[in-house]
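In what follows, a single structure is set out as structure tokens and then discussed.
Remember, predicted model here, so these are calculated numbers, not experimental data.
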Amino acid sequence: MLLTTLCVYIFAILRSSDGMFRFASYYGDHMVLQKAPEKAVLWGFGPDNAEVTIYLSGQSTAPVVSVVDGIWRVALVAVKAGGPYNITAVTQNQSITLTDVLFGDVWLCGGQSNMAFTTNQVLNASDEMALASKFPRVRIFMASLIQSHTELTDLDGVEVPWSVPTAELLGGGDFRHYSAVCWMFGRLLYTTLGYPIGLVGSYWGGTPVEVWSSPRALKRCGLHRSNWFPKSSTLTSWPWSTNSVLWNAMIHPLLNMTLKGAIWYQGEANTEYHLNKYNCTFPSMIDDWRMAFHQSSGGQTAADFPFGFVQLSTYINSSLPDGFPSVRWHQTADYGFVPNPRMKNTFMAVAMDLGDKTSPFGSIHPRDKLDVAYRLSLGARAVVYGETSLAFQGPFPNKFLINDQYINVTYDQRVSVTQSKNIFEIRCSEVQTSCNPLSSPWVPAPIMQWGQSYVLVSTRDCSSSVAGLRFAWTDWPCDFKACPVYSADGVLPAPPFSFDKWSPRNGLVH
Ligand SMILES: *[C@@H]1O[C@H](CO)[C@@H](O)[C@H](O)[C@H]1NC(C)=O
Ligand SMILES: *[C@@H]1O[C@H](CO)[C@@H](O)[C@H](O)[C@H]1NC(C)=O
Ligand SMILES: *[C@@H]1O[C@H](CO)[C@@H](O)[C@H](O)[C@H]1NC(C)=O
Ligand SMILES: *[C@@H]1O[C@H](CO)[C@@H](O)[C@H](O)[C@H]1NC(C)=O
Ligand SMILES: *[C@@H]1O[C@H](CO)[C@@H](O)[C@H](O)[C@H]1NC(C)=O
Ligand SMILES: *[C@@H]1O[C@H](CO)[C@@H](O)[C@H](O)[C@H]1NC(C)=O
Ligand SMILES: *[C@@H]1O[C@H](CO)[C@@H](O)[C@H](O)[C@H]1NC(C)=O
């Protein structure tokens, strides 16, 4: 169901060996380079010992460097947002020029098919594609779908070279061209920030987090690169034979460029693969990307660069009953919200209320990507761009008061509530006598009443005491934009949670 594509293995080729003078594959006309205060890193290939000078619209703006082992690399001076500029790299008797280069914020977009989902596939696609011409200072780039058993120095292919957006580039074949979430996030940021935004797409449908993770990151979670994938599963048939193959081919080559941050939409594939490790593998991949981009850019990309992600939406007929709820929870390192102490400088778009049962691309691929991108952009504005009073997180409980009739679930903000009999569930300390040994220990806890920032849920269906409480713990918890608990303005849904054992972190007060 998820996009999978046959592909050819590319083994590392020392492309520098030809000694040809050029930029790395992802430097091109119309690109966006990271603006000040960071310095943009430029690099490329050339004949050994040649000296390279970089000119920014005629001015020399970086130290002269020499080609070593076929590679040259420079950090420009910090350039404030704007442009266009021409950037010329000169060596001996040759020069190469990149034209129409802008300076702004560069965001990397990664993940699986819901990130690969193109603007052509979204609701109101023609309206969205018509917007392309209104945002000539949002620039797009996309890496080709390639895997490798070793870490590549440069991308081995480019699907969309740096371009001024057009309807044609944003469209293209389903799942094969420019990401709708990436594009919409970029244009929403542009509308707020008013300066250029560069979008670097590197995503592939059907992929589990392990293929995007370095062996170093996986090792911290007890996984090794030699782990082989199942031949197929109900969600996808895997064209990847081992872990790390897309880290090698589609992320590692990008490490030298200076980035502002990354956004990510992935996790569906992990509902069936190393599910119980996702609370380690996902945060570990973020840590590892941050460390690697920081080091390889010579400290220009922040060591804690912002990382935004989409919490899984919905899926009908999942083969594993706990898959979607567990991945949603693990995406937050089991805190339920971000940023949190384990996942600092992150932001999350909750999407479980954006389900789309009749999506022609399967229910796992909801077509409303604009709300996804909008919620992500709120997170970026609050966490990254200093709009400290902007609401970007849905309500999350910070106190549970239990008596013999109900639990008073108190939220960290004002809430807007609608009645529901089963969105909350409780686990009774003594399992109810039942003829069916497989019956769930969880029973519905109907909403009884609510106030400005609390909800009372009934415990009458537990004859014993209550041992746990969970919220929205199903594949498909609510209808479109109709979850029972939202922020007071009705915009941001309360994220799911499961507190199976009361603990001090949950703030339980008896
Ligand atoms: C960049 O170079 C092109 C020719 O290659 C020229 O037409 C253009 O005016 C230059 N732009 C800047 C900003 O110097
Ligand atoms: C530049 O000079 C080198 C020798 O120094 C020569 O091999 C090469 O062909 C020259 N390239 C161009 C484009 O003239
Ligand atoms: C980054 O730049 C260094 C040179 O400073 C080079 O050795 C390396 O191959 C480049 N690419 C990556 C992916 O590290
Ligand atoms: C991750 O979740 C699994 C089960 O879902 C749990 O056993 C494990 O302790 C959790 N690990 C971390 C690092 O939180
Ligand atoms: C889900 O499964 C049920 C029962 O097997 C089936 O009737 C229904 O059509 C399926 N729904 C979708 C959207 O595939
Ligand atoms: C699609 O367009 C309709 C009519 O303009 C609008 O009401 C709706 O919010 C749009 N939906 C999305 C997801 O863009
Ligand atoms: C629920 O708890 C909140 C404080 O956490 C309190 O203000 C409210 O009065 C309580 N509601 C009931 C009905 O106990």
Side-chain angles (χ1 to χ4, degrees), residues 2-3 105-117 141-143 145 175 178-186 188-189 199-214 217-218 244 246-247 250-252 254-255 259-271 273 278-293 301-302 304-313 324 327-333 337-340 342-352 354 364-366 369 372-380 383-384 392 495:
L2 298 193
L3 170 81
D105 280 344
V106 180
W107 283 84
L108 174 64
C109 304
Q112 60 175 114
S113 55
N114 273 310
M115 184 59 90
F117 199 87
F141 172 92
M142 181 183 163
L145 278 52
F175 301 107
Y178 217 77
S179 160
V181 169
C182 187
W183 154 251
M184 291 169 170
F185 174 76
L188 290 167
L189 274 191
L199 301 170
V200 177
S202 186
Y203 37 77
W204 193 334
T207 48
V209 72
E210 289 81 357
V211 298
W212 298 103
S213 303
S214 74
L218 294 170
S244 304
L246 302 186
W247 155 263
M250 295 175 69
I251 300 297
H252 183 267
L254 301 174
L255 294 180
L259 292 180
K260 181 70 179 182
I263 57 169
W264 176 258
Y265 193 163
Q266 187 277 335
E268 296 88 343
N270 287 100
T271 61
Y273 185 67
Y278 201 76
N279 51 0
C280 182
T281 47
F282 181 48
S284 174
M285 184 199 77
I286 297 173
D287 292 346
D288 188 67
W289 280 24
R290 284 174 168 170
M291 184 277 294
F293 275 98
T301 298
D304 64 343
F305 70 74
F307 195 102
F309 62 92
V310 183
Q311 192 178 42
L312 288 194
S313 187
F324 269 60
V327 168
R328 290 187 194 118
W329 184 240
H330 288 343
Q331 284 179 297
T332 67
F337 58 89
V338 304
N340 64 48
R342 174 68 187 87
M343 299 174 72
K344 297 191 174 121
N345 213 20
T346 58
F347 52 95
M348 171 171 88
V350 176
M352 67 173 177
L354 301 177
I364 203 165
H365 297 127
K369 296 294 193 247
V372 168
Y374 176 67
R375 290 173 188 179
L376 273 178
S377 75
L378 291 179
V383 172
V384 186
F392 71 102

Got a sec, which residues hit side-chain hydrogen bond (donor to acceptor under 3.5 Å, both in side chains) with [X], two or more places apart in sequence or on another chain?
{"X": "Trp183", "answer": "Glu128"}
{"X": "Asn279", "answer": "Asp334"}
{"X": "Arg328", "answer": "none"}
{"X": "Trp289", "answer": "none"}

Partners meeting salt bridge (charged side-chain N to carboxylate O under 4.0 Å, His left out) with Asp287 (sequence neighbours left out):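 Scan of Asp287 (salt bridge (charged side-chain N to carboxylate O under 4.0 Å, His left out), adjacent residues dropped) gives Arg342.
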Residues forming a side-chain contact (heavy atoms from CB on, under 4.5 Å) with [X], sequence neighbours excluded:
{"X": "Ala351", "answer": "Val310, Ser313, Leu354, Val372"}
{"X": "Ser377", "answer": "Phe185, Leu188, Tyr374"}
{"X": "Ser214", "answer": "Arg216, Ala217, Trp247, Asp288"}

Separation of Thr281 OG1 from Ile286 CD1 (nearest 0.5 Å): 10.0 Å
Only counting residues at least two apart or in another chain, list the ones meeting ring-ring contact (aromatic ring centres under 6.0 Å, His included) with [X].
{"X": "Tyr278", "answer": "Phe282"}
{"X": "Phe392", "answer": "none"}
{"X": "Phe117", "answer": "Phe175, Phe361"}
{"X": "Phe141", "answer": "Trp162"}

Among Gln112, Glu210, His330, side chain to side chain donor-acceptor pair (under 3.5 Å) partner for Asn270: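 Of all the options given, the one that passes is Glu210.
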